[in-house]
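Just below is one structure, and these are the notes that go with it.
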Amino acid sequence: MLLHRVKSFLNNQLTIKQAKQIHAQILITKLNHLQPLLVHQFMLSKTNHSASVLMYVRKILHHLQKPDAFSWGCTIRFLSQRGQFQEAFSLYVEMQKLGLYPSTHAMSSALRACARTEGKTGGVSIHAQVHRYGVCNCVFVQTALVDFYSKLGDIDTAKRVFDEMPEKNVVSWNSILSCYLKAGNLGEARRVFDEMPKKDVISWNSILSGYAKTGNMDQTLSFFQRMPERSFASWNTLISGYVERGEIESARRFFDMMHQRNNITWITMIAGYTKCGDVKSACELFDKMPEKDHLAFNAMISCYAQNSQPKEALKLFDEMLKLGTNIRPDGVTLASVISACSQLGELRFGSWIESYINKHGIQMDDHMVTALIDLYSKCGNVDKAFNLFNGLSKKDVVSYSAMIAGCAINGKADDAIKLFQKMVDAQIQPNLATFTGLLTAYNHAGMVEEGHQCFNSMKDSGVVPSSDHYAIMVDLLGRAGRLEEAYELIKSMHVKPHTGVWGALLRACTVHKNVEFGEIAAQHCFELEPGTDGYYSLLANIYASVGRWDDSRRMRSNMERKKLARIPGCSWTELT
DNA sequence: TTAGGGTTAG
């Protein structure tokens with residue numbers, strides 16, 4: 001009767017309460033041989049196995065009257081499949097201590113756990129056991145070994161084990177294929193792919209992804225077209241390849257061709273539009289997405305934050321919060337939200353977020369900390385930013401750049417320069433954002449020569465200055481009264497200068513009462529931004545400063561006549 | 001027993 005009851009749970013929901021009841025009955029009736037069966041059934045049931053359930057199973061395993069390798073094996077296998085690798089491996093070690101002979105299930109599952117936790121020693125000792133126990137013929141264990149060495153990055157051993165396998169299946173071939181792909185050896189991967197006696201959709205997706213990563217989309221497409229069977233991942237790999245290459249139209253063409261899409265498809269496309277700054281298209285897709293998960297929200301919030309629409313980002317974050325249980329913000333969401341707050345100069349939000357993080361036990365990661373460094377810097381709290389920076393587990397180009405910029409805008413040029421030196425010493429390659437911060441520091445400190453030198457050194461780091469960098473340089477030279485040099489610098493630009501560049505020259509001309517360059521700079525500003533009247537005012541001021549009252553009046557009446565809209569000052573503190 | 005595609009900071 002009891003046996004029947006235990007068996008009836010096969011593939012049924014088995015709650016911990018029911019299991020405990022049955023277990024109690026087993027103990028009362030002294031039918032201890034049913035205990036392993038209970039463990040087995042427990043592992044097979046579709047119940048959500050929480051930590052307390054597993055503790056319970058562990059207890060049964062340890063109190064079995066007779067140690068039972070089968071029960072241990074299926075528990076280890078279950079844990080490994082569920083991604084609880086540490087737990088799986090420690091059970092494997094425990095069963096050894098009990099003197100149990102591990103099944104091939106237990107061995108391959110423990111190997112899987114070692115592969116995913118980088119448990120090199122554990123995996124290698126299981127390899128030794130494979131020989132000792134004479135299970136060299138088991139294709140599952142051997143394949144798990146190939147996978148283990150592949151994940152460890154030990155290609156030679158992976159290949160040796162693979163070559164020595166008396167019997168191989170498609171999984172074994174896929175494992176060695178992914179080994180070469182992970183190592184970036186596409187040539188060898190291709191050779192393996194061509195040699196495979198049988199290919200499944202995993203083999204095809206793997207090679208497809210290998211080619212997509214090289215950026216050779218013609219080749220990738222040719223593989224895609226030859227696939228006998230395609231899964232979502234096949235389509236998504238292709239689309240993501242086009243997105244990475246910046247070929248958003250091609251990505252969209254295949255997106256539209258799909259009859260069915262999963263969330264990854266939608267999010268890949270939204271992220272693609274984010275990268276190319278097409279917020280409108282991203283938003284359209286987000287609205288059309290049938291079942292938005294929290295990753296979709298993350299993608300869209302980041303899209304707004306990355307494309308200078310911080311208010312929209314916060315609005316969507318607010319909507320996300322209102323959705324309640326199913327969709328919860330995580331660290332990724334918060335990193336974007338902090339970035340949005342930073343753009344708004346809104347420190348209060350920042351503090352709110354910090355308390356939210358603490359309240360919900362969200363793990364602070366380096367992304368979030370870097371966003372906070374930026375936020376506190378922009379709000380003038382450099383000390384706090386510095387504290388966060390010093391506490392980072394790993395400092396990279398993004399965090400250094402944030403901190404350098406933080407020092408720069410808060411008048412700490414020396415600190416910014418020191419940080420840059422530290423970064424170079426740590427062999428971290430500076431990029432565009434790093435130089436923006438550093439040049440800003442030189443600019444604030446009025447260090448013209450040093451700034452100039454820094455600007456010229458950009459090419460040594462393989463960084464091509466953008467319009468923003470030129471704008472800072474023009475500002476630096478202009479403030480020092482070196483207007484002609486500033487103008488020559490603009491003329492030498494390979495990209496079209498934006499109003500930031502010409503505006504910097506125009507403002508410098510106002511300070512130094514220079515009509516000649518002022519007129520040139522103003523003319524460009526008028527053309528680039530016909531709706532902004534500030535430039536007319538500046539030129540009018542220049543005329544007035546040299547006593548050319550008629551011209552000054554002409555400028556102002558020009559302004560009136562065109563009924564130009566007065567654009568408010570573009571200070572981020574005013575936007576809140 | 002195998003992989004694979006998605007969101008994050010300056």
Side-chain angles (χ1 to χ4, degrees), chain A residues 77 80-81 104-105 107-112 115 138-148 150-151 168-179 181-182 200-210 212-213 231-241 243-244 261-272 274 293-303 305-306 329-340 342-343 365-375 377-378 388-389 392 396-406 430-437:
Chain A
R77 186 177 168 204
S80 176
Q81 279 169 350
T104 52
H105 275 314
M107 282 178 124
S108 56
S109 304
L111 273 170
R112 181 175 196 264
C138 173
V139 65
F140 296 137
V141 174
Q142 295 291 330
T143 300
L145 273 174
V146 173
D147 182 51
F148 167 73
S150 153
K151 290 221 165 45
K168 301 175 179 85
N169 62 19
V170 66
V171 181
S172 327
W173 281 93
N174 284 343
S175 297
I176 197 73
L177 175 65
S178 90
C179 178
L181 287 170
K182 210 178 301 284
D200 63 6
V201 69
I202 294 180
S203 330
W204 280 95
N205 284 350
S206 301
I207 199 79
L208 192 69
S209 156
K213 283 199 180 97
S231 64
F232 278 128
S234 327
W235 288 89
N236 294 343
T237 304
L238 187 72
I239 291 173
S240 144
V243 163
E244 278 301 309
R261 307 175 183 101
N262 66 5
N263 276 11
I264 297 178
T265 324
W266 289 91
I267 294 169
T268 307
M269 211 54 227
I270 290 172
T274 300
D293 57 10
H294 82 282
L295 297 178
F297 273 87
N298 286 356
M300 197 58 223
I301 290 173
S302 137
C303 177
Q306 290 295 302
D330 60 6
V332 176
T333 328
L334 292 170
S336 289
V337 170
I338 296 166
S339 158
S342 166
Q343 291 171 49
D365 65 11
D366 287 358
H367 287 280
M368 281 162 71
V369 172
T370 306
L372 282 172
I373 291 172
D374 180 56
L375 173 70
S377 300
K378 291 223 172 90
L388 287 168
F389 180 73
L392 277 171
D396 66 359
V397 61
V398 185
S399 48
Y400 263 108
S401 305
M403 200 59 241
I404 290 170
N431 63 18
L432 281 172
T434 323
F435 283 108
T436 305

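Chain naming here is simple, since letters A, B, ... match the order of the sequence lines and numbering starts at 1 in each. Since we're looking at a predicted model, the values are computed, not measured.
- Lys213(A) comes within contact range of the sugar-phosphate backbone alone, with a heavy-atom separation under 4.0 Å but no base atom that close.
- Using a 4.0 Å heavy-atom criterion, one finds that Asp330(A) contacts no nucleic acid atom at all.
- Here the range on DNA chain B touched by chain A, meaning any atom under 4.0 Å from one of its heavy atoms, is dT1(B) to dG10(B).
- The salt bridge (charged side-chain N to carboxylate O under 4.0 Å, His left out) check on Lys168(A) picks up nothing, with sequence neighbours excluded.
- Heavy atoms of Asp200(A) sit nowhere under 4.0 angstrom from any nucleic acid atom.
- Residue contacts shown for Ala271(A) are limited to sugar-phosphate atoms, with no base heavy atom under 4.0 Å away.
- Cation-pi geometry between Arg261(A) and Trp266(A) is met: the NZ or CZ atom falls under 6.0 Å from the ring centre, inside 45° of the normal.
- Looking at every heavy atom in both residues, Thr274(A) comes nearest to Cys303(A) through OG1-CB, 3.1 Å.
- If you check every strand for non-hydrogen atoms under 4.0 Å, Asn263(A) touches a base.
- If you check the side chains of Asn236(A) and Thr268(A), you find no donor sitting under 3.5 Å from an acceptor.
- Using a 4.0 Å heavy-atom cutoff across all strands shown, Lys151(A) reaches sugar-phosphate atoms only and no base atom.
- Looking at residues two or more places apart in sequence or on another chain, you find a salt bridge (charged side-chain N to carboxylate O under 4.0 Å, His left out) between Asp147(A) and Arg116(A), Lys151(A).
- As judged by a 4.0 angstrom heavy-atom cut-off over every strand, Asn205(A) is placed among the base-contacting residues.
- Across Ser175(A) and Val146(A), no two heavy atoms sit closer than the pair CB-CG1, 3.9 Å.
- Residue Ser108(A) is out of contact with every strand shown, counting any heavy-atom pair closer than 4.0 Å.
- Contact annotation for Thr333(A): no contact, since no heavy-atom pair falls under 4.0 Å across all strands.
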